[in-house]
There are 2 protein chains.
Amino acid sequence: MNNSSLNRNCVIRLFSYKNALNRLKSLGFIKVFSENLADAVGGNSTQVRKDFSLFGITGNKKGGYVIDSLIESLNSILGKNELYRVVIVGGGNIGTALRNYKGFEKEGIKIVAVFDIDISKQQKTGEVPILPLEDLVGFVAENKIEIGIIATPEAGAQRALDLMLSAGIKGVLNFAPIRLRAGEEIVVNNINLGIELENVIYLVNVMGKQKGLTHHR
Amino acid sequence: MNNSSLNRNCVIRLFSYKNALNRLKSLGFIKVFSENLADAVGGNSTQVRKDFSLFGITGNKKGGYVIDSLIESLNSILGKNELYRVVIVGGGNIGTALRNYKGFEKEGIKIVAVFDIDISKQQKTGEVPILPLEDLVGFVAENKIEIGIIATPEAGAQRALDLMLSAGIKGVLNFAPIRLRAGEEIVVNNINLGIELENVIYLVNVMGKQKGLTHHR
DNA sequence: TAGATTGTTAATCGATTAACAATC
DNA sequence: TAGATTGTTAATCGATTAACAATC
């Protein structure tokens, strides 16, 4: 664990392994080999073992890995036995979709509130209320929320980040297509939907000329 | 252009440069230095120049780059003077959000139809109709669509991909949290929202111990 | 045991960064 | 010219993969 290769890609792969393991488990499997896991996530078996070894996870020399205990190890490494509460700023298309997205629940992620400047969008009641933006700082501080999602238009994103920061949020997933200015004390992970789609388009165009070039990420 | 470093990250950065340049242009700027561009996308100036050099883009030894011609070069490299038509499979939260997402238009991307198995969601009229899934293959073939988005639940994703493939689609942006089986002849770019958010959570937790570790992607 | 699989070291590969000559 | 900036080569850095000993 003192190893310096605490690498972003590696962590992402750990999450993928965990997802795949849960799927395998629900299919009734008890054990896996590194080879199976590699297939499930589209990697190679050496890398699976290397990733595990980086975090001190070990299996059985011949018998592979016991799924249950592997999931347990991953959960403890990835810090996921708790429920994570998340707020969203921006109640537009993306914000609303994420508010209703079913995929978060089973990962222990709960969207607790959405904030928007547009008063007409307000919904003070309901399981996930939509509140005015000026309530953000108070709400976050009071409920000790650490994670936020920015789903505002480009123009509102920096302000959203600044508010979040001042409220004590420590990590942000940003969907606004702009690079945000932030200090060292906050984690920002950017998803730019336009760029992701354009990237597919570009690769398709390149593929027209060169042969074969499957791209999985 | 015969250089083999035709690298995914590099292409993504080219898209970012283009976005930043459009922004700078709309602010009235005429020229940029590699240093400015690096700031705008959060990179470093050597990398900017290296990326350009890989694609044969040159500037002026002292005067930096003229924004207009730089945008033009990038557009021709990234293949973006055309309008790209895209279909979505899955009319749930994500699919609907993407259908209405404003950010695509200015990138020359147009969502032309959404397909869903749920008949009750159908909307045959309107600018972006929601059609039954069985119309997908015919529609795509007839309109020569090359790019698709999968926004179905996990269970429907592989079928969606197979249908798209058989209809002649060549590139897919996949939001279903599952690794799809596809041949060499199709580009698949996966976005797993759960994993992206979990990654933020993980980094925040790690940051609690280690100091500073801003993460921008 | 023989075969299969893990865990790790060493080699390779690729991407980023530093250094610097060219030149406006 | 002197200073600043580009474009590119070489060095570094990090991540992936290959090889293989350990062993169940």
Side-chain angles (χ1 to χ4, degrees), chain A residues 1-17 21 24 29-67 69-70 73-74 77 199 210 213-217, chain B residues 1-17 21 24 29-67 69-70 73-74 77 199 210 213-217:
Chain A
M1 188 64 108
N2 63 347
N3 192 311
S4 62
S5 297
L6 209 156
N7 158 294
R8 179 187 143 93
N9 290 336
C10 173
V11 171
I12 286 186
R13 283 195 302 269
L14 291 186
F15 281 111
S16 300
Y17 300 148
L21 287 165
L24 290 170
F29 288 95
I30 304 295
K31 296 193 196 176
V32 271
F33 298 129
S34 56
E35 187 70 33
N36 309 137
L37 258 180
D39 285 349
V41 307
N44 89 18
S45 65
T46 301
Q47 189 166 60
V48 172
R49 294 195 302 278
K50 179 71 178 247
D51 287 341
F52 287 171
S53 127
L54 246 39
F55 286 88
I57 296 177
T58 59
N60 311 302
K61 278 279 181 188
K62 189 181 158 199
Y65 302 81
V66 175
I67 291 180
S69 59
L70 195 45
S73 302
L74 288 171
I77 288 164
N199 196 238
Q210 305 175 235
L213 173 80
T214 314
H215 174 74
H216 292 289
R217 183 173 75 127
Chain B
M1 189 65 108
N2 64 346
N3 192 312
S4 62
S5 296
L6 209 157
N7 158 295
R8 180 187 142 92
N9 290 337
C10 173
V11 171
I12 286 186
R13 284 195 301 269
L14 290 186
F15 281 110
S16 300
Y17 300 148
L21 286 164
L24 290 170
F29 288 95
I30 303 295
K31 296 195 199 175
V32 271
F33 298 128
S34 56
E35 188 69 34
N36 308 137
L37 258 180
D39 284 350
V41 307
N44 90 18
S45 65
T46 302
Q47 189 166 60
V48 172
R49 295 195 301 278
K50 179 70 177 246
D51 287 340
F52 287 172
S53 126
L54 246 39
F55 285 89
I57 296 177
T58 60
N60 310 302
K61 279 279 180 188
K62 189 180 159 200
Y65 303 80
V66 175
I67 290 181
S69 58
L70 196 46
S73 304
L74 289 171
I77 289 164
N199 196 237
Q210 305 176 238
L213 173 81
T214 314
H215 174 74
H216 291 289
R217 185 172 75 127

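Below, chains carry the letters A, B, ... as their sequence lines are ordered, and counting in each starts from 1.
- In this structure, the nucleotide among D:dT6, C:dT6, C:dT8 sitting nearest to the side chain of A:Ser53 is C:dT8.
- Comparing atom distances between the B:Lys62 side chain and each of C:dC24, C:dT6, D:dT6 picks out C:dC24 as nearest.
- Among the protein residues, A:Ser34 comes within range of the sugar-phosphate backbone only, with heavy atoms under 4.0 Å from sugar or phosphate atoms but none that close to a base.
- Between the CG atom of B:Asn44 and the C1' atom of D:dT8 there is a distance of 15 Å, rounded to whole Å.
- Counting only heavy atoms from C-beta outward, the side chains of A:Phe55 and A:Cys10 approach each other to under 4.5 Å.
- Using a 4.0 Å heavy-atom criterion, one finds that A:Tyr65 contacts the sugar-phosphate atoms exclusively.
- Of all heavy-atom pairs between B:Thr46 and B:Asn44, the closest is N-OD1, 3.1 Å.
- Toward the 5' end of DNA chain D, the nearer of the two residues A:Asn9 and A:Arg49, judged by each one's closest nucleotide, is A:Asn9.
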Legend entry - Bracket string, DNA chain C, 5' to 3' - pairs by Watson-Crick or G-U geometry under 3.5 Å, | interstrand: ..||||||||||||||||||||||
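- Taking 4.5 Å as the limit, every side-chain heavy atom of A:Arg13 sits out of range of all side-chain heavy atoms of A:Val41.
- No N or O donor and acceptor, one from the side chain of B:Lys61 and one from the base of C:dT23, sit under 3.5 Å apart.
- Between B:Asn36 and B:Phe29 the shortest side-chain heavy-atom distance does not fall below 4.5 Å.
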